[in-house]
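First the structure, in the form of structure tokens, and then the observations on it.
Letters go in sequence order (proteins before strands), and every chain restarts at 1.
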Amino acid sequence: MKDIVIHLLAQAVATLQKQGRLDESAAQSISVERTKDPGHGDFSSNLAMKLAKQVNTDPRELAQKILAELPQSEVIEKAAIAGPGFINFYLRKCAYLSLIAEIREQGINFGNSDVGHGQRIMVEFVSTNPTGPLHVGHGRGAAYGDALARVLRAAGYDTHSEYYINDAGRQMEILAVSVWLRYLELCGKEIQFPENAYQGSYVRDLAAKLKDKAGKSYCIDTSELFKALPDAKEESIDRLISRCRSHLGDKDFRALFDVGCDAMVNDIRQDLAEFGVVFQAWFSERSLLDKGDIDKSIKTLEENGHIYEKDGAKWFRATDFGDDKDRVVLRANGAHTYFASDTAYHYNKAERGFDKIINIFGADHHGYIKRLQASFEALGNSPERLKFLIVQFAILYRGGEKISMSTRSGEFVTLRDLRDEVGNDAARFFYVLRKPDQHMDFDLDLAKSQSSDNPVYYIQYAHARICSVFRQLEEKGMPTLKDATPNYALLKASQEFDLLKTLSRFPEVVESAASGFEPHQVAYYLRELANVFHTYYNAHPFLSSEDDVRLARLGLIDATRIVIANGLGMLGVKALEKM
RNA sequence: GCGCCCGUAGCUCAACCGGAUAGAGCAACGGCCUUCUAAGCCGUAGGUUACAGGUUCGAGUCCUGUCGGGCGCGCCA
């Protein structure tokens, strides 16, 4: 609908350009907004104000000239100059009426567009180490990333979502050792469980599972195991890892490692699936290692002259690309760093040909961005292809107290806990209601106790109410919409036009949410739509009106139902038919 | 110390690449159920957009500085 106004302005500008009264760049300044104040009409443009500077005239005078060249349109009732030089457009009411049929015809596709032009875009998110269950902090990234992927799809981007599994690093070895120690404990051995190993109870569960499956085949005499460990915690656990590996041998160690890794990955996958977050691909870090991609990308960097050696390690000259420090890719002990595998992963992404590669990071990883952009560019890729979005922390409060969380210490509220307590829909909506770069206070008591007046229910309720009307319609044996062609011109109430106007905005909201990577816009829009609907519902009866009016109204609320369902779908929230 | 993010009503948050009188929800107060779900609707009240400068027709939005909060600054991931 906005496009119509833009098109009209473009024609006026073209005419003025032909007359030599505007220069060629003028068309770029065309922008049209929805008005906030109905007194300013339906749409507004600040075009004259923008151009006045270039042409060096009075904005209102220029607006007058534009207005004079504006072609006639059957949807425009009038266009007028207001304030410092705005051009306001007032639409004919009938312009909105055709929308109802359009929405009902397009159904679940209404709101979709082609602004993405099928551009291939990849979104990677969550990607936590599979060393423990997801906690509520990860939930925000999951809800945001998934909603973003859905919004991008709706806007016509060929969107691929992916989870990167860090299944090759030291953290996973620590998990393996943690499981092994708990397992030894179950075998009746005396153990000392390091405080920097994984403390969570799920480690004991994994150990029990291992014992059920493998009996005592991983059991050893532990009398020497804890002797002469270094005082430094990190060195100490590294020593335990190597002792574990030499006791069990590479093959059994790998098996032990896989027990922990597979269990955690499956757990995360299922957790996310229950949360409505489904990835198109799960990409294994180890697969990069096995294929030699990590060595390959280090070698490529080396060939391009971006690598030097110092203190027995290989360093990437990240400072040449704007990072504040150079970064190690290959440690003196021969192990590659996390950064090295991530570099290889992003090289792999680039090779897969995505036009845009989006990474959603938690705020705690933002220091990592510069070096990744650096290596991405150093490998010959255009830095514009790689985009990082930061999701700020959700700070948890319980009983007014901030909860500190750490995976290692095992003190955290899991995403699963949250879902059990407040429900999937409320949890997802709560997360996605905040724009990602805003710090977020997540009061658990509030989320739980307020679950009945969480905004998501407000929207779902609007949907359920509409469904209920249609159920009653059938129960009463009244004529349905099925074979009817309602006369929408019978809609005259102000609430009906408020609703129509709000419905007409939906495609614009989706486009804007996609282009700004801000799915929360859809959430706020839905709240507004629900409010306009509830107001209408309270003001006018649908079923008791005359036949032809009733059919027109039913068509309108059917369109409303479709838009609510489509919008909720983009946020991964269910549209309930009954509440 | 350096870097990134943030600061908007009592609380939690919006504000569409700088636009017109800064908006919602919760909490508070006052109304609305013989009629399609009151998980709803209507109204009232609530603000020097942290602070100080600057840029311009116009700033919550852009620039500089100050204060306050979060996060990061490893041959960890």
Side-chain angles (χ1 to χ4, degrees), chain A residues 31 33-37 39-40 44 46 49-50 52-53 58-59 82-86 88 128-129 131 166 169-172 174 234 310-315 324-325 327-339 341-342 362-370 390 392-393 395 430 433-443 446 450-462 464-473 475-476 505 508-509 511-513 515-516 518 520-521 523-525 527-528 530-531 533-545 557 578-579:
Chain A
S31 69
E33 291 185 347
R34 294 272 179 174
T35 58
K36 287 177 195 158
D37 183 349
H40 297 139
S44 168
N46 59 359
M49 277 141 56
K50 275 178 154 177
K53 231 175 267 178
D58 176 50
F86 290 105
N88 292 338
T128 60
N129 282 331
T131 53
N166 293 113
R170 175 171 170 268
Q171 295 304 321
M172 292 305 296
I174 295 175
E234 297 301 319
K310 193 179 85 178
D311 305 329
K314 285 191 178 178
W315 296 69
D324 6 290
K325 291 174 183 170
R327 308 292 176 177
V328 170
V329 287
L330 205 62
R331 292 160 64 185
N333 67 6
H336 64 82
T337 59
Y338 178 87
F339 170 57
S341 56
D342 242 13
D364 55 338
H365 284 77
H366 76 261
Y368 205 70
I369 293 173
K370 263 191 183 168
I390 298 301
Q392 291 296 327
F393 269 12
I395 303 162
F430 204 97
L433 199 56
R434 269 87 175 151
K435 68 178 165 191
D437 51 6
Q438 180 66 256
H439 298 270
M440 169 180 180
D441 285 352
F442 204 127
D443 188 328
L446 200 73
Q450 277 202 337
S451 64
S452 66
D453 51 14
N454 186 302
V456 71
Y457 295 102
Y458 181 81
I459 297 163
Q460 288 179 317
Y461 184 46
R465 268 184 152 178
I466 297 172
C467 294
S468 174
V469 169
F470 282 100
R471 277 196 301 273
Q472 300 247 344
L473 180 80
E475 279 171 25
K476 291 184 180 175
R505 276 171 46 208
E508 293 161 28
V509 169
E511 282 183 27
S512 170
S515 66
E518 294 184 334
H520 76 275
Q521 288 188 32
Y524 278 91
Y525 166 80
R527 160 158 267 291
E528 206 181 321
N531 175 253
F533 167 75
H534 283 308
T535 301
Y536 179 38
Y537 182 95
N538 272 53
H540 297 282
F542 309 129
L543 296 181
S544 60
S545 50
I557 65 171
K578 242 181 200 174
M579 286 174 76

* Structure fact -> Partner of A59(B) under the Watson-Crick or G-U wobble criteria, both distances under 3.5 Å, comes out as none
* Phosphate-side-chain proximity, Lys36(A) and A20(B), N/O vs OP1/OP2 below 4.0 Å -> yes
* Asked: Within the structure shown, what part of the strands sits under 4.0 Å from Tyr458(A) by heavy-atom distance: base, sugar-phosphate, or nothing?
  -> sugar-phosphate
* Nearest-Å distance for atom pair NE2/C1', residues His439(A) and C71(B) -> 8 Å
* So what does Ser44(A) hit on the nucleic acid, given a heavy-atom distance under 4.0 Å: a base, only sugar-phosphate, or nothing? -> base
* Could you check which nucleotide pairs with C75(B) in any of the strands shown, counting Watson-Crick or G-U wobble with both distances under 3.5 Å? => none
* Structure fact -> Checking N1-N3 plus N6-O4 or O6-N4 for Watson-Crick, or N1-O2 and O6-N3 for wobble, each under 3.5 Å, the partner of C51(B) is G65(B)
* When you match Tyr524(A) and Pro84(A) each to their closest nucleotide on RNA chain B, which lands nearer the 5' end? -> Tyr524(A)
* **C29(B): pairing nucleotide in any strand, Watson-Crick or G-U under 3.5 angstrom** => G43(B)
* Asked: Which base, if any, makes a Watson-Crick or G-U wobble pair with A22(B), both distances under 3.5 Å?
  -> none
* Asked: Taking NE2 from His366(A) and P from C71(B), how many angstroms apart are they, rounded to a whole number?
  -> 11 Å
* Asked: Reckon Pro541(A) touches a base, only the sugar-phosphate, or nothing at all at heavy-atom distances under 4.0 Å?
  -> base
* Look only at the side chain of Tyr537(A) and the backbone of Phe542(A), and say whether a donor-acceptor pair between them is shorter than 3.5 Å. => no
* How is Asn531(A) classified with respect to the nucleic acid when contacts are heavy atoms under 4.0 Å: base, sugar-phosphate, or nothing? -> sugar-phosphate
* To do: Specify the separation, in whole Å, of atom NE2 of His540(A) and atom P of G40(B).
  => 20 Å
* Asked: So what does Asp437(A) hit on the nucleic acid, given a heavy-atom distance under 4.0 Å: a base, only sugar-phosphate, or nothing?
  -> sugar-phosphate
* Hey, is His365(A) stacking on G72(B)? Ring centres under 5.5 Å, planes under 30°. -> no
* Do Ser512(A) and Gln521(A) have side-chain N/O donor and acceptor atoms under 3.5 Å apart? -> yes
* Complementary nucleotide for C17(B) - Watson-Crick or wobble, under 3.5 Å -> none
* In whole Å, what is the span from the CG atom of Asn333(A) to the C1' atom of C76(B)? -> 12 Å
* So what does Lys476(A) hit on the nucleic acid, given a heavy-atom distance under 4.0 Å: a base, only sugar-phosphate, or nothing? -> nothing
* Whole-Å distance separating the CZ atom of Arg527(A) from the C1' atom of C26(B) -> 10 Å
* Structure fact -> Rounded to whole Å, OH of Tyr457(A) lies from C1' of C26(B) at a distance of 16 Å
